[in-house]
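Below is one structure, written out as structure tokens, with a few remarks after it.
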Amino acid sequence: MNNPQYRGRFAPSPTGPLHFGSLVTALASFLEARSQGGQWFIRIEDLDPLREPPEATGQIIASLDAHGLFPDEPVRFQSRRHDAYQHAVNRLLESGYAYRCRCSRKELQANEGRHPNQCRTRTKIDGDRPFAIRFALEDEDCHWQDQLLGPQHQTVQAELDDPVILRKEGFYAYQLAVVVDDIDQGITDVVRGSDLLDMTAQQQQIYRALGALPPRWLHIPVILNEQGQKLSKQTHAPALDDDKPVDNLFMALVALGQNPPANLASGSLDSLLEWGRSNWRRGAIHLTSR
Ligand code: GLU
């Protein structure tokens with residue numbers, strides 16, 4: 001079954017090698033796509049060289065390969081997409097959806113999130129202090145349907161929540177780049193960790209401002225360590241052992257509530273992934289750990 005209507009992706013930020021939590025997210029997005037005959041892509045979100053060890057990208061791609069998670073197109077790198085992001089920034093500035101902001105974090109905190117420099121309404125920015133560019137949100141009670149979590153509601157506050165889209169240091173921000181690339185790649189379905197749920201309402205406004213329809217979202221619970229912390233580089237999650245892909249994927253299926261038969265744990269990588277594809281049930285994902 002081929003379904004060109006479904007285009008999914010896994011979009012890691014290369015802050016370190018793949019760990020078990022990111023494998024679970026990758027596998028969920030892969031199986032969601034494959035079980036519906038859809039296409040699946042990998043996009044490396046390498047926007048911030050200061051937080052990204054140079055070897056991490058190669059390690060992530062090698063790990064996904066070792067686990068049989070092959071994309072339908074060559075891997076995309078956000079570090080090669082600066083022109084597209086700049087084009088989007090210009091477009092948002094021209095249409096009044098973005099503004100230059102030179103407030104420091106301190107100034108904003110001291111003003112409860114209001115901009116002491118009146119950045120939203122100022123047309124010219126004087127002085128040579130570096131400035132960021134922010135997206136101008138509208139006040140909104142945003143409602144949408146998550147494919148797993150059901151009805152969602154988030155309040156978006158103009159000015160107070162306005163996200164940076166181009167940082168003072170010259171780096172494009174995640175909030176902008178993720179939307180620009182999901183539009184450009186025609187992504188219809190985003191499967192990602194629920195630590196990003198709070199970004200979704202703002203992203204919907206950026207989609208609208210760029211004249212595009214948002215995708216469907218499915219947020220899966222993040223995997224916690226024994227201390228109840230999200231597995232991440234900050235909490236020292238160990239890198240996956242790429243020599244044990246079947247063990248890792250078996251455990252990832254269990255973490256996703258998929259209940260794989262025990263004999264698959266000693267079988268081949270292909271038979272495990274094939275079982276995952278044909279038995280995938282998103283409704284079996286446990287919702288408790290958000
Ligand atoms: N790059 C983001 C991260 O690794 C994920 C982006 C997304 O899936 O929307 O947290």
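Indexing begins at 1, ligand by ligand and atom by atom, following the structure's order. Positions are given from 1 along the sequence.
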> At a 4.0 Å threshold, what atoms of ligand 1 neighbour a non-hydrogen atom of E45?
Replying inline: 1 (N), 2 (C), 5 (C), 6 (C)
> Considering residues at least two apart in sequence or located in another chain, which fulfil the salt bridge (charged side-chain N to carboxylate O under 4.0 Å, His left out) criterion with R216?
Replying inline: D189
> Are any of the N or O atoms of V190 closer than 3.5 Å to those of ligand 1?
Replying inline: no
>> Heavy-atom pairs closer than 4.0 Å: do any link ligand 1 to the side chain of L196, the backbone, both, or neither?
In response: side chain
> Do Y174 and Q203 have side-chain N/O donor and acceptor atoms under 3.5 Å apart?
Replying inline: yes
>> Can you classify the ring geometry of H153 versus H143 as parallel (below 30°), tilted (30 to 60°) or perpendicular (above 60°)?
In response: parallel
> When you measure from atom 5 (C) of ligand 1 to every protein heavy atom, which one gives the shortest distance, and what is it?
Replying inline: A11 O, 3.3 Å
> Near Y174, which atoms of ligand 1 are under 4.0 Å from a heavy atom of that residue?
Replying inline: 6 (C), 7 (C), 9 (O)
> Just by distance, with hydrogens left out, do E32 and W280 show a side-chain donor and acceptor under 3.5 Å apart?
Replying inline: yes
>> Among all the protein's non-hydrogen atoms, which is closest to atom 3 (C) of ligand 1, and how far away is it?
In response: S13 OG, 3.5 Å
> Going by distance alone, is a donor N or O of one side chain under 3.5 Å from an acceptor N or O of the other, for R43 and Q185?
Replying inline: yes
> Looking only at heavy atoms, is any part of F10 under 4.0 Å from ligand 1, and if so is it the side chain, the backbone, or both, or is it neither?
Replying inline: neither
> Any idea which atoms of ligand 1 are less than 4.0 Å away from a heavy-atom of R192?
Replying inline: 7 (C), 8 (O), 9 (O)
> Quick one: nearest non-hydrogen protein atom to atom 8 (O) of ligand 1, plus distance?
Replying inline: R9 NH1, 2.7 Å
> Less than 4.0 Å between a side-chain N and a carboxylate O, is that true for R277 and D270?
Replying inline: no
> Any side-chain donor-acceptor pair under 3.5 Å between Q202 and D161?
Replying inline: no
> By number and element, which atoms of ligand 1 are closer than 4.0 Å to a non-hydrogen atom of V178?
Replying inline: 9 (O)
